[in-house]
Chemist: 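I'd like to ask you about the structure that follows.
Heads up: numbering here begins at 1 and tracks the sequence. Predicted, not measured: the structure shown is a model, and the values here were computed from it.
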Amino acid sequence: MKESFLDIHLKGCRVKSNLFRMLTLLLLIFCTTNVFAQQKNVRGTVVDASGDPLIGVNVSVKGMTIGIITDMEGRYQLEVPANATLLFLILDIVRRRLR
């Protein structure tokens, strides 16, 4: 079996092992960067029919546990997957007097 250039010149040396570790680390960083590149920053404001901001609306990603509640101005901001579908849920509390 023919030895490679590195095998011949780096016999008994730890440089080969360190080179392998460094290349593995670079590959891992590259793969992680690609995964994060598929995320999207989404922001907006939830308003009612008259244009007033809605406070406390639950904004979430369909099928995931990612979510947030709108602030005092109805604003939200989320980091979501590129193909995400957003769901908006508001709980309307109605007071009723029972006799």
Chemist: Please lay out, stage by stage, how Ile69 and Val57 fare under the test side chain to side chain contact (heavy atoms under 4.5 Å, CB included).
Modeler: CA-CA 5 Å; Ile69 296 176; Val57 176; over 6 Å; no
Chemist: Please check if Val59 and Ile55 belong to a single hydrophobic cluster, counting links between Ile, Leu, Val, Met, Phe, Trp and Tyr side chain heavy atoms closer than 4.5 Å.
Modeler: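 In one cluster: no.
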Chemist: Just do the side chain to side chain contact (heavy atoms under 4.5 Å, CB included) check on Asp71 and Tyr76 with the steps written out, would you?
Modeler: CA-CA 7 Å; Asp71 65 10; Tyr76 65 92; over 6 Å; no
Chemist: Test of understanding: clusters of I, L, V, M, F, W, Y form through side-chain heavy atoms closer than 4.5 Å, transitively. Do Leu86 and Val47 belong to the same one?
Modeler: no
Chemist: Is there side-chain contact between Pro81 and Lys40, with heavy atoms separated by less than 4.5 Å?
Modeler: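 The answer is no, as the side chains (C-beta and beyond) never meet within the 4.5 Å cut-off.
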Chemist: Is there a path from Leu54 to Val42 through hydrophobic residues (I, L, V, M, F, W, Y) whose side chains come within less than 4.5 Å of each other?
Modeler: yes
Chemist: Determine, step by step, whether Asn41 and Gln77 satisfy the side chain to side chain contact (heavy atoms under 4.5 Å, CB included) criterion, reporting the C-alpha distance in whole Å, the side-chain angles of both residues, the deciding distance to 0.1 Å, and the verdict.
Modeler: CA-CA 7 Å; Asn41 192 7; Gln77 182 174 349; 3.1 Å; yes
Chemist: Could you check whether any side-chain heavy atom of Arg75 comes within less than 4.5 Å of a side-chain heavy atom of Pro53, counting everything from C-beta outward?
Modeler: no
Chemist: Is any side-chain heavy atom of Ser60 closer than 4.5 Å to a side-chain heavy atom of Leu78?
Modeler: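 No, too far: nothing below the 4.5 Å cut-off.
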Chemist: I'd like to know if the side chain of Thr70 reaches the main chain of Gly56, judged simply by a donor and an acceptor atom lying under 3.5 Å from each other, with no hydrogens or angles considered.
Modeler: yes
Chemist: Could you tell me the separation between the CG atom of Asn58 and the CZ atom of Phe88, rounded to the nearest 0.5 Å?
Modeler: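 Going from CG on Asn58 over to CZ on Phe88, the span is 10.0 Å.
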